[in-house]
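What follows is a single structure, written as structure tokens, with notes after it.
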Amino acid sequence: DQQVKQNSPSLSVQEGRISILNCDYTNSMFDYFLWYKKYPAEGPTFLISISSIKDKNEDGRFTVFLNKSAKHLSLHIVPSQPGDSAVYFCAASGTSYDKVIFGPGTSLSVIP
Amino acid sequence: GAGVSQSPSNKVTEKGKDVELRCDPISGHTALYWYRQSLGQGLEFLIYFQGNSAPDKSGLPSDRFSAERTGGSVSTLTIQRTQQEDSAVYLCASSSPGLGNTGELFFGEGSRLTVL
């Protein structure tokens, strides 16, 4: 039973355009949501997070939107750059003390 | 270094042998996770240690898998009688959860296990 879903295995975007990566979750007890980025042969690195008391969090080119009623969040990258090409994982937990569950990832390719 | 350290970085073993993978978390981090990523797959949760609480072992795929965390620091993931389907990258992460803290996970670079 996959609690965190990323239904798009891959996404291709032109440099300079917006990249939108989507994530859905099934567990209504999740309160913290995180996005991680992973390059080949490296461990994932933290990008941005949001707690359920907010519906938006922005950090530079990265913005995460949370729609708790729809159990949906998205990561927007504007403008997209070739260096953003990586696998992006959505993750969620109940509290900061709970285990973190990851989605299957979306591979983003930003085309120069 | 200051990051999460995993060893070995690569391990090739024969089917049926036991393997041990080691993780040195960031000093002071109370939470430690093991995940694995099989080829073309996402991050599969294996086990979670948090402070002195009993570990959450709900992700271990079989009783051939076990993990220990000694002294609240270093952790060892042991796979007994390895099978070819155990081939994957095993990732360790640590965090310092707390009130008002999202408990961001810091990952090591992983141990790539190949079972022949």
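Every chain is numbered from 1 and lettered A, B, ... according to where its sequence line falls, protein lines coming before strand lines. Hydrogens, waters and symmetry mates play no part in the numbers below; they use all other heavy atoms, side chains included.
Side-chain heavy atoms closer than 4.5 Å link hydrophobic residues (I, L, V, M, F, W, Y) into clusters, and following such links, possibly through other members, connects A:Phe33 to A:Val4. B:Tyr90 and B:Tyr48 are not part of a single hydrophobic cluster, where members link through side-chain heavy atoms under 4.5 Å apart.
B:Ser9 does not touch chain A: none of its heavy atoms, backbone or side chain, sits under 4.5 Å away. The part of B:Tyr35 that comes within reach of chain A is its side chain, from C-beta onward, which places non-hydrogen atoms under 4.5 angstrom from that chain. Residue contact with chain A, scored on non-hydrogen atoms closer than 4.5 Å, involves the backbone and the side chain of B:Leu43 alike. Contacts between B:Glu44 and chain A at a heavy-atom distance below 4.5 Å are absent for every atom of the residue.
The local environment of CG in B:Leu39 is sparse, with at most 12 non-hydrogen atoms from other residues, nucleotides or ligands closer than 6.0 Å. The neighbour count for B:Glu14 CD, taken as heavy atoms of other residues, nucleotides or ligands under 6.0 Å away, does not exceed 12. More than 12 heavy atoms of other shown residues, nucleotides or ligands fall within 6.0 angstrom of atom CD in A:Glu15. Within 6.0 Å of CZ in B:Arg112 there are 12 or fewer heavy atoms belonging to other residues, nucleotides or ligands. No more than 12 heavy atoms of other residues, nucleotides or ligands sit less than 6.0 Å from atom CZ of A:Arg17.
For the atom pair CZ of B:Phe107 and CZ of A:Phe46, the computed distance is 12.0 Å after rounding to the nearest 0.5 Å.
At a threshold of 4.5 Å between non-hydrogen side-chain atoms, the residues B:Glu104 and A:Tyr36 count as touching. Proximity of B:Phe45 to A:Gln3: side-chain heavy atoms (C-beta onward) are nowhere separated by under 4.5 Å.
In terms of heavy atoms, B:Leu105 sits closest to A:Phe102 at CD2-CE1, 4.2 Å. Of all non-hydrogen atoms in B:Gln37 and A:Phe89, the two that sit nearest each other are NE2-CZ, 3.6 Å.
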